[in-house]
**Student:** 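Mind having a look at this structure? Questions to follow.
Below, chain A is the first sequence line, B the second, and so on; all start at residue 1. Computed from a prediction, not measured in an experiment: that's the story for all the values here.
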Amino acid sequence: MADASIEFKGSSFTLSVLHLKTPKTADIHADLVKKIAQAPDFFYLVPVVVNIEQLTCSVDYQAIKALIEELKFTFVGFTGSVDKEQRALIRELGFSFVNTAKANTSAKSTTSKQNHAVKEASSAVIASQGHLYTDKVHRGQIRSGQQVYAKDQNLVVIGSVSAGAEVIADGNIHVYGSLRGRAIAGAKGHHKAQIYCQNLEAELVSINGNYWLSESIEEHWGTPVYIHLNDNELTSSKLI
Amino acid sequence: MARIIVVTSGKGGVGKTTSSAAIGLGLALKGHKVVLIDFDIGLRNLDLIMGCERRVVYDFVNVINGEATLNQALIKDKRVSSLSILPASQTRDKDALNKENVGKVLAELGESYDFIVCDSPAGIEAGAMMALYYADEAVVTTNPEVSSVRDSDRILGMLASRSRRAELGLEPIKEHLLLTRYSPKRVEEGEMLSVEDVEDILSIPLLGVIPESQAVLKASNAGEPVILDTESDAGQAYQDVIERLLGETVDFRFLQAEKKGIFSRLFGG
């Protein structure tokens with residue numbers, strides 16, 4: 001599984017964010033040209049993320065990207081606190097949607113939008129592979145036969161996971177109760193994902209495709225524990 | 001508004017019908033107007049346990065299909081006048097019920113009764129879903145045994161996701177755990193799950209613990225719900241269940257194995 005020729009690692013970079021206040025591409029173009037004229041070298045090939053939060057109506061994403069590239073920026077993706085449909089649309093068009101790690105909404109955005117962004121940011125964790133994971137929180141027990149999947153998120157279960165139930169997350173899994181069912185963390189391939197639980201009695205635990213059946217869990221059975229990968233080997237450690 | 005209580009379990013043979021009969025009769029004995037509905041279409045048992053099998057003329061399916069009125073189908077209990085039974089059909093299958101018509105029947109019953117007790121069939125298919133769909137409360141009947149506990153867990157998941165209350169986003173169904181066929185002696189010997197084990201796995205409030213008892217089989221065969229057998233430990237445990245359903249706090253009994261006294265040792269009691 002280890003690829004000798006490449007390795008993915010996560011790092012933080014400072015990127016320029018372009019806040020759009022109008023969907024009119026002609027106006028944006030004109031203002032950008034003016035801006036570039038002030039310092040042509042500074043803006044040359046600068047990576048740019050486009051924030052569309054302040055826009056009240058939809059915008060031609062493809063035209064925006066073309067415009068950015070025409071002016072010799074490097075287009076990275078879109079950002080801003082927008083609804084799910086809009087995000088899905090952006091992804092469908094083949095552009096990446098970048099989540100912000102901090103609430104950096106402009107002063108003009110409405111308070112509700114700000115609250116939303118702050119909430120989103122406070123629960124956000126930057127995973128080591130450059131993913132930005134938020135938490136999906138499930139309150140109550142997950143019963144036999146039920147399945148909960150936190151897509152591109154961490155999963156937090158405030159309750160127990162029953163035998164015969166399945167919890168899956170692309171990020172980490174936290175169970176603030178007994179883990180008796182199956183837990184699959186790092187489902188999309190993420191070797192730093194971890195599983196935390198207050199009481200380990202799982203049928204199966206899996207991280208990034210490496211798994212243990214309950215019969216392999218000996219050392220920390222019935223205790224608070226977290227499970228992680230150590231050189232691609234599943235390892236369990238005492239939580240407290 | 002009547003309280004609609006479903007007696008359910010997932011697994012078969014754990015004592016749903018016995019418990020339904022005891023709860024229905026027990027509530028009626030307290031002076032409430034109660035109707036017991038047998039949802040186990042095709043495997044009609046409740047009327048046998050209630051001892052009214054010879055008086056079945058019309059059944060639940062006839063009412064659903066408009067072939068009989070509720071008054072024609074309801075059987076008045078001979079022991080307690082405030083109790084009625086709506087028997088299941090022996091000749092039809094569970095597909096004979098549909099949500100809309102069941103809802104209408106329950107609404108009509110709700111106008112004149114305080115409690116509607118629904119005896120659910122086993123399994124997690126259409127019949128069991130129909131029985132729990134309109135429920136306000138659920139008595140999850142469980143034996144202290146792993147497969148029964150697992151099935152009860154599954155049913156609890158269904159109560160929380162497939163019921164009318166769940167679909168409409170109303171207050172969730174009130175869940176009660178009823179542990180049946182409990183044998184403190186076997187728990188002490190480590191052969192059976194304890195009350196604490198089951199409570200820990202299912203994490204819902206305990207409504208009652210019914211001890212394993214010879215009286216239950218005797219009562220079933222006689223068509224006299226075991227709650228009438230006030231001498232038996234099972235009958236007394238069901239009476240405690242009724243008190244708790246009506247909001248009273250009652251200590252749990254029959255959780256410890258009986259210590260054999262000198263006489264019973266001598267005479268093999």
Side-chain angles (χ1 to χ4, degrees), chain A residues 84 136-151 153 155-169 173-184 195-205 213-218 220-225 239-240, chain B residues 6 8-12 14 120 122-126 128-129 132 135 138-163 165-167 169-177 190 193-206:
Chain A
K84 273 187 195 159
K136 176 178 181 145
V137 180
H138 180 102
R139 279 174 202 279
Q141 191 151 358
I142 300 179
R143 305 272 181 194
S144 174
Q146 292 182 322
Q147 194 185 47
V148 176
Y149 175 34
K151 189 179 188 308
Q153 279 181 309
L155 179 61
V156 177
V157 181
I158 303 175
S160 295
V161 178
S162 293
E166 195 167 61
V167 286
I168 308 170
I173 296 175
H174 304 254
V175 180
Y176 294 99
S178 297
L179 173 57
R180 298 194 175 96
R182 295 161 165 253
I184 296 157
I195 298 171
Y196 306 80
C197 64
Q198 289 292 332
N199 175 25
L200 179 68
E201 292 178 12
E203 291 170 344
L204 175 140
V205 287
L213 289 170
S214 57
E215 55 188 22
S216 330
I217 306 168
E218 285 163 2
H220 292 112
W221 186 263
T223 61
V225 77
L239 203 56
I240 31 174
Chain B
V6 61
T8 185
S9 71
K11 195 171 162 61
V14 294
S120 170
I124 53 169
E125 284 80 33
M129 290 305 112
L132 68 78
V139 174
V140 179
T141 314
T142 308
N143 286 169
E145 172 258 323
V146 283
S147 62
S148 173
V149 173
R150 176 79 66 97
D151 290 358
S152 292
D153 194 52
R154 186 95 164 90
I155 276 291
L156 283 165
M158 301 282 191
L159 288 168
S161 61
R162 304 273 295 274
S163 61
R165 283 177 172 268
E167 281 179 9
L170 302 173
E171 194 185 325
I173 291 179
K174 197 169 168 194
E175 299 154 340
H176 307 279
L177 173 62
L193 294 178
S194 69
V195 177
E196 292 77 24
D197 291 337
V198 181
E199 277 188 295
D200 182 42
I201 295 172
L202 296 179
S203 38
I204 58 169
L206 186 64

**Student:** Is there a donor-acceptor pair closer than 3.5 Å between any side-chain N or O of A:Q141 and the backbone N or O of B:D153?
**Tutor:** no
**Student:** Does a sphere of radius 6.0 Å around CD in B:E167 hold more than 12 heavy atoms from other residues, nucleotides or ligands, not counting ones at 6.0 Å or beyond?
**Tutor:** yes
**Student:** Less than 4.5 Å to any heavy atom of chain A: does that hold for the side chain of B:I155, its backbone, both, or neither?
**Tutor:** neither
**Student:** Please determine, among A:S178, A:A165, A:A163, A:G164, the option with the most heavy-atom pairs under 4.5 Å with chain B.
**Tutor:** A:A163
**Student:** Please give me the minimum heavy-atom distance between A:R143 and B:I204, naming the atom from each residue.
**Tutor:** NH2-CG2, 3.6 Å
**Student:** Contact part of A:S162 toward chain B, heavy-atom cut-off under 4.5 Å: side chain, backbone, both or neither?
**Tutor:** both
**Student:** Considering only heavy atoms, which portion of B:D200 lies under 4.5 Å from any heavy atom of chain A: side chain, backbone, both, or neither?
**Tutor:** both
